Amino acid sequence: MLSDALLDWYDRHARTMPWRIGPADRKAGQIPDPYRIWLSEVMLQQTTVAAVRDYFHRFTTRWPTLTDLASAKDADVMAEWAGLGYYARARNLLKCARVVTDEYDNKFPGKYTELLKLPGIGPYTAAAISSIAFDAPETVVDGNVERVMARLFNIHTPLPAAKMPLTEKAALLTPQKRPGDYAQAVMDLGATICTPKNPACGICPWHDPCVARAEGTQAELPKKMPKKPKPTRFGIIYIARRDDGAFLLETRPDKGLLGGMLGWPGSDWTDAPEENPPLDADWRTLDAEARHTFTHFHLRLTVQIAYVGLNATPTRGEFIELHAFQSSSLPTVMRKAFDLTAGEWPKS
DNA sequence: TACGCGTGGAA
DNA sequence: TTTCCAAGCGT
């Protein structure tokens with residue numbers, strides 16, 4: 001059985017992660033906490049393990065249980081998520097926590113079809129929670145699994161059209177035995193052996209049955225449709241510092257880019273942004289610009305700063321006291337802009 | 001089906 | 001410097 005060979009490999013090579021119950025612990029009867037599995041899987045959507053570790057630790061320290069998270073303030077959760085990206089995940093995280101608390105008696109459902117109904121939980125995450133936390137034989141299909149299946153069965157159809165056939169292959173391999181360990185094993189295989197570049201076929205537990213390896217096509221799989229080039233957009237942001245040290249910030253609208261996050265007031269991000277400072281002041285443009293790349297465009301931000309008086313009345317945003325402000329609560333692009341202001345505030 | 005939606009590390 | 005890419009979801 002292919003799955004047995006993979007589980008044997010996993011028993012020997014499973015990586016330690018803060019949210020993971022290892023194969024030895026599972027055999028001793030330990031079951032993962034669905035809350036921690038859910039939280040980690042949402043954080044891991046399109047995000048590397050290295051990036052998630054610290055965030056997972058901070059979240060579980062601050063909100064140890066689902067109830068704690070469900071009763072948290074939105075702004076606190078968004079601030080804690082700042083820097084991790086894809087902020088709709090954080091908004092849906094809170095929605096999901098509150099739905100499970102209010103409508104599911106505080107317990108995550110274990111069934112794939114029930115999980116799929118919850119905010120922020122799609123096909124991958126539903127299968128991951130169901131298999132890893134509840135040991136149901138569901139099939140996880142993430143980018144790793146797609147790559148492993150494309151190579152194992154030498155499928156040359158480009159993604160995303162190949163998604164269905166790859167999912168079918170993955171489903172045929174999913175065992176009834178140890179489904180939670182198997183789900184993590186096949187993803188670990190993709191993350192550590194069957195890597196996008198230079199796969200380590202020589203030490204792969206599926207070396208022999210792998211068709212792409214036999215044909216020598218592993219390096220070119222999975223095929224992908226060409227990506228669109230990223231345009232460059234421009235913007236202006238305004239960083240106002242009140243005489244008492246407070247900064248003028250605004251909470252961005254819930255929908256769209258950086259939705260629900262704290263940010264500096266500014267222009268739209270377009271080919272030719274318009275000046276529209278949030279208050280009248282002696283604005284000074286910094287020499288350096290903040291550069292940042294989002295999923296679908298490059299951004300070059302001009303940063304303007306000003307000192308303003310204690311009675312300043314902005315047209316938008318609100319002043320946040322110095323003691324209540326941490327740049328770590330900002331999404332990265334906003335933090336980059338703020339970092340440019342270091343040393344730019346003359347002593348008065 | 002295609003697109004919007006972040007970020008940081010590797011090459 | 002630029003491009004690629006990593007445990008996807010919602011619309």
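Keep in mind it's a predicted model, so treat the numbers as computed, not measured. We use all heavy atoms of the structure for the numbers below, so side chains are in, but hydrogens, waters and symmetry mates are not. Letters A, B, ... are given to chains in the order of the sequence lines, protein chains preceding strands, and every chain is numbered from 1.
- Here A:R89 does not pair with A:E41 in a salt bridge; the nearest charged N to carboxylate O distance is not below 4.0 Å.
- Between the side chain of A:Y86 and the base of B:dG6, at least one donor-acceptor pair of N or O atoms lies under 3.5 Å.
- Atoms CG (A:L299) and C1' (B:dG8) sit 17 Å apart, rounded to a whole Å.
- As judged by a 4.0 angstrom heavy-atom cut-off over every strand, A:V42 is placed among residues making no nucleic acid contact.
- Taking 4.0 angstrom as the limit, A:R147 places a side-chain polar atom (N or O) nearer than this to OP1 or OP2 of C:dA6.
- Listed pair A:Y87 / B:dT7 meets the phosphate criterion, a side-chain N or O lying under 4.0 Å from OP1 or OP2.
- Under a 4.0 Å N-O distance rule, the pair A:R36/A:D33 does not qualify as a salt bridge.
- Phosphate proximity of C:dC9 to A:T125: present, with a side-chain N or O under 4.0 Å from OP1 or OP2.
- In this structure, A:I121 reaches the sugar-phosphate backbone alone: every heavy-atom distance under 4.0 Å involves primed, P, OP1 or OP2 atoms, never a base.
- Comparing A:L118 and A:E41, the nucleotide of DNA chain C nearest to each residue sits closer to the 5' end for A:E41.
- Nucleic acid contact for A:G83: sugar-phosphate only, since backbone atoms but no base atoms lie under 4.0 Å from a heavy atom of the residue.
- A:M43 has its CE atom 15 Å from the P atom of C:dG8, to the nearest Å.
- Listed pair A:K255 / C:dG10 fails the phosphate criterion, with no side-chain N or O lying under 4.0 Å from OP1 or OP2.
- For A:K228, a side-chain nitrogen or oxygen approaches OP1 or OP2 of B:dC3 to under 4.0 Å.
- C:dC9 atom P lies 19 Å from atom NE2 of A:H296, rounded to whole Å.
- Taking atom CG of A:L93 as the reference point, atom C1' of C:dG8 lies 14 Å away to the nearest angstrom.
- Note on A:T332: a side-chain N or O is less than 4.0 Å away from OP1 or OP2 of B:dT7.
- Per the geometry, CG belonging to A:L258 stands 9 Å off P belonging to B:dC5, to the nearest Å.
- Using a 4.5 Å cut-off on side-chain heavy atoms (C-beta onward), A:L173 and A:V186 make no contact.
- A donor-acceptor contact under 3.5 angstrom links the side chains of A:Y238 and A:E275, judged on distance only.
- Annotation: of the two residues near DNA chain B, A:A161 and A:P331, the 5′-most nearest-nucleotide partner is A:A161.
- Within 4.0 Å (heavy atoms only), A:M17 reaches at least one base atom of the nucleic acid.
- Phosphate proximity of C:dG8 to A:Q45: absent, as no side-chain N or O sits under 4.0 Å from OP1 or OP2.
- Take the nearest nucleotide of DNA chain B for A:P160 and for A:R91: the residue whose nucleotide is more 5' is A:P160.
- At the heavy-atom level, A:G256 lies under 4.0 Å from the strands shown only through sugar-phosphate atoms.
- Among the nucleotides C:dG10, B:dG6, C:dC5, the one closest to the side chain of A:P196 is C:dC5.
- For B:dC5, the OP1/OP2 oxygens have no side-chain nitrogen or oxygen of A:K230 closer than 4.0 Å.
- The base of B:dG6 is paired with the side chain of A:T47 by a donor and an acceptor separated by under 3.5 Å.
- In this structure, a donor-acceptor pair under 3.5 Å is present between the side chains of A:H156 and A:K223.
- Comparing B:dG6, B:dC3, C:dA6 by their closest approach to the side chain of A:L257 singles out B:dG6.
- For the pair A:L116 CG and C:dC9 C1', the interatomic distance rounds to 10 Å; values are reported in whole Å.
- Rounded to an integer number of Å, the gap from A:L44 CG to C:dA6 P is 14 Å.
- Residue A:F294 places its side chain closer to B:dT7 than to any other of B:dT7, C:dC5, C:dG8.
- Among the heavy atoms of the strands, none lies under 4.0 Å from A:K336.
- A:T47 places a side-chain N or O within 3.5 Å of a backbone atom of A:Q45 that can act as its donor or acceptor partner.
- Comparing B:dG8 with C:dC9, their P atoms are spaced 22 Å from each other, to the whole Å.
- The phosphate of B:dT7 has OP1 or OP2 within less than 4.0 Å of a side-chain N or O from A:H292.
- The distance between atom CZ of A:F297 and atom P of B:dC5, rounded to the nearest whole Å, is 7 Å.
- Rounding to the nearest 0.5 angstrom, the gap separating the CZ atom in A:F294 from the NZ atom in A:K230 is 11.5 Å.
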